[in-house]
Amino acid sequence: MSNKHEFQTRVIHAGSQADPATKAQITPIYQTTSYVFDDVDHAARLFALQEFGNIYSRINNPTNDVLEKRLADLEGGTAALAVSSGHAAQLTTLHNLLKSGQNLVAAKQLYGGTINQFNHAFKQFGWNVHWADAKDNDSFKRAIDKNTRAIHIESIANPGGIITDIEAIARIAEQAHIPLIVDNTLASPYLIRPFEYGANIVLHSLTKFINGHANALGGIIIDGGNFNWSKDDRYPILKDPNQSYGGLEFHKALDNIAFAIVCRALSLRDLGACLSPFNAFLTLNGLQTLALRMQKQCDNALRLALFLRQQDAYVSWVSYAGLKDDPHYSLAQKYTPKGAGAVFTFGIKGGHEAGKKFVSNLKLLTHVANVGDLRSLVIHPSSTTHSQLTEEQKITAGAGPDVIRLSVGIENVEDIINDIQQAFENL
């Protein structure tokens, strides 16, 4: 698929072709564990990475391959690897960057599950995290030390919906010669393409806006192909000879797709967090309507945020970067001119108990621990998604006791507003 085509065309066609065996137009589900080799020499070349091809579906699969190529195209990356979830994408990425005793610098404004993963699960590997503030770019510079091997941010932070200044943080990462990882889940490549602002690795939870229909889990790692892994000795997995592949030096041999291949050939091979081809198929089908869904959801979100700003009896504040007086409005104009996303928060008067009761009163909006569905969703983060955090961590992450998170869908916006209005009136 040529890059001369517009996003709305590439989101349907990129990375795919008619099935060579049957001429089926739609990418089939290759529900197989393994693949027949042409001969013993062909098998040997595949296992040595002297030739690319299908070996075993834990490592690669033709259905997944189309999804990977399409997302790499849409983000402007060089190669991609689809995995079983967004958390698996983070684990697989950092598995190739950090050793025990090393650290990453991460924004405090992250999805609560990511904060838990970084604070607790990763410490079992000896990986540490230094927290920075997405509202203070210089805090990232201050948090970097000699053992830092990556910076991790979200393009649009979950749950608060703030816009992160990717370009400014990318300059800090470049000066320190460490890769910038951007979780682009809430924006999707329809709104923001982080590589255009200096990011080196882009991650997604495919479960959210990319799929859009809440019917399949998935994650993806996209290689920007723009980081020099051989500049110094910080990233030996990419620079040094790898004995499990006959002394192959990944970056030297594979250049701008080296990181994606390392994630596949080492981490996916050994950790096994592979995406099922059926989930890849469902995600490909959902992805085709991303441009239509995302624009409608952004339009609905702005309309709903404006409505909530008028509900003084029930609402104490609204955090949505699409509002002209929001502190992140100027960043939204730079990074997301088509819309400030579909996930945002507001503060309900009455605090924690009022928040729980408001959610219980809703009839149309669905109460689930998910975002990015074509349906409108709601949750009270303090008692659910961020409940494992301390009160201070909740407030820092934008999930204080009065916070309600909305993920706005594609329904008629007046129906969404009417449901929220009746929930307020029945508090």
Side-chain angles (χ1 to χ4, degrees), residues 109 111 134-135 154-164 185-188 190-192 208-209 212 293-351 354-355 358-359 361-368 370-382 385 397-425 427:
Q109 295 84 356
Y111 163 57
K135 300 177 183 179
E154 292 178 351
S155 54
I156 302 179
N158 180 4
I162 71 168
I163 310 294
T164 307
T185 298
L186 289 199
S188 86
Y190 177 73
L191 294 180
I192 301 177
K208 312 303 192 299
F209 289 100
R293 288 186 284 106
M294 203 74 200
Q295 190 59 63
K296 175 63 173 175
Q297 287 173 276
C298 287
D299 294 345
N300 278 358
L302 178 58
R303 174 73 179 83
L304 187 56
L306 289 168
F307 162 77
L308 290 169
R309 288 291 292 271
Q310 300 171 351
Q311 306 306 304
D312 294 337
Y314 310 104
V315 176
S316 53
W317 54 267
V318 178
S319 176
Y320 184 62
L323 297 172
K324 291 184 178 180
D325 59 350
D326 187 273
H328 295 90
Y329 180 76
S330 61
L331 286 174
Q333 294 306 293
K334 173 181 177 178
Y335 290 108
T336 63
K338 289 182 286 192
V343 177
F344 70 94
T345 56
F346 70 91
I348 189 164
K349 291 183 177 180
F358 168 77
V359 170
N361 287 346
L362 292 164
K363 298 176 181 178
L364 175 65
L365 276 69
T366 310
H367 182 203
V368 297
N370 191 25
V371 296
D373 192 345
L374 53 77
R375 304 162 189 82
S376 290
L377 315 174
V378 64
I379 203 161
H380 179 238
S382 179
T385 57
D402 64 333
V403 173
I404 301 294
R405 184 185 73 185
L406 298 173
S407 176
V408 185
I410 65 171
E411 302 97 337
N412 179 284
V413 70
E414 294 302 326
D415 288 335
I416 302 171
I417 288 172
N418 289 339
D419 190 40
I420 289 176
Q421 183 68 57
Q422 67 81 25
F424 282 149
E425 291 171 356
L427 279 176

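Minimum interatomic distance between Leu427 and Asn361 (heavy atoms only, all atoms of both residues): N-ND2, 3.6 Å. Scanning both residues, Leu302 and Gly322, for their nearest heavy atoms gives CD1-O, 3.7 Å. Across Gly400 and Ser382, no two heavy atoms sit closer than the pair O-CB, 3.6 Å. Among all heavy-atom pairs drawn from Val378 and Phe358, the shortest one is CG2-CE2, 4.4 Å. The two residues Met294 and Leu191 come nearest to each other via the heavy atoms CE-CD1, 3.6 Å. Ser319 and Gly160 get closest at one heavy-atom pair: OG-O, 3.2 Å.
A distance-only check finds a donor-acceptor pair linking the side chain of Asp419 to the backbone of Lys363 [under 3.5 Å]. Side chain of Gln109 to backbone of Ala134: a donor-acceptor contact under 3.5 angstrom is found. Put simply, the side chain of Lys349 gets close to the backbone of Asp312: a donor and an acceptor are under 3.5 Å apart.
Rounding to the nearest 0.5 Å gives a distance of 7.0 Å between CG of Leu365 and CD of Glu411. Note that OG1 of Thr164 is 7.5 Å distant from NE2 of His328, once rounded to the nearest 0.5 Å. We find the CG-CZ distance between Leu186 and Phe209 to be 6.0 Å, quoted to the nearest 0.5 Å. The CD1 atom of Ile162 sits 14.5 Å away from the OH atom of Tyr320 when rounded to the nearest 0.5 Å. With rounding to the nearest 0.5 Å, the separation of CG in Asn300 from CG in Asp415 is 10.0 Å. To the nearest 0.5 Å, atoms OG1 (Thr345) and CG (Leu308) are separated by 10.5 Å.
For the pair Leu406 and Val343, the minimum side-chain heavy-atom distance is 4.5 Å or more. Side-chain contact between Val371 and Arg405 is present, with at least one heavy-atom pair separated by less than 4.5 Å. By the 4.5 Å heavy-atom criterion applied to side chains, Phe307 and Ile420 are counted as neighbours. Counting heavy atoms from C-beta outward, Trp317 and Asp402 have side chains that approach closer than 4.5 Å. When side chains are defined from C-beta on, Thr185 does not count as touching Glu154, because their heavy atoms never get closer than 4.5 Å. Side chains of His380 and Val403 form no contact here, defined as non-hydrogen atoms less than 4.5 Å apart.
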Go through the steps for Phe344 and Leu304 under the test side chain to side chain contact (heavy atoms under 4.5 Å, CB included), then give the verdict. CA-CA 10 Å; Phe344 70 94; Leu304 187 56; 4.2 Å; yes
Do Arg375 and Val368 pass the side chain to side chain contact (heavy atoms under 4.5 Å, CB included) test, and can you show the C-alpha distance, the side-chain angles, and the key distance before you say yes or no? CA-CA 11 Å; Arg375 304 162 189 82; Val368 297; over 6 Å; no
Please step through side chain to side chain contact (heavy atoms under 4.5 Å, CB included) for the pair Arg309 and Phe346, ending with a clear verdict. CA-CA 9 Å; Arg309 288 291 292 271; Phe346 70 91; over 6 Å; no
Before giving the answer on side chain to side chain contact (heavy atoms under 4.5 Å, CB included), spell out for Phe424 and Val315 the whole-Å C-alpha distance, their side-chain angles and the decisive distance to 0.1 Å. CA-CA 9 Å; Phe424 282 149; Val315 176; 3.6 Å; yes
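Counting only N and O atoms by type, the side chains of Asn418 and Glu414 include no donor and acceptor under 3.5 Å apart.
Of the listed residues (Gln297, Arg303, Lys296, Gln295), just one forms a side chain to side chain donor-acceptor pair (under 3.5 Å) with Asp299, and that residue is Gln295.
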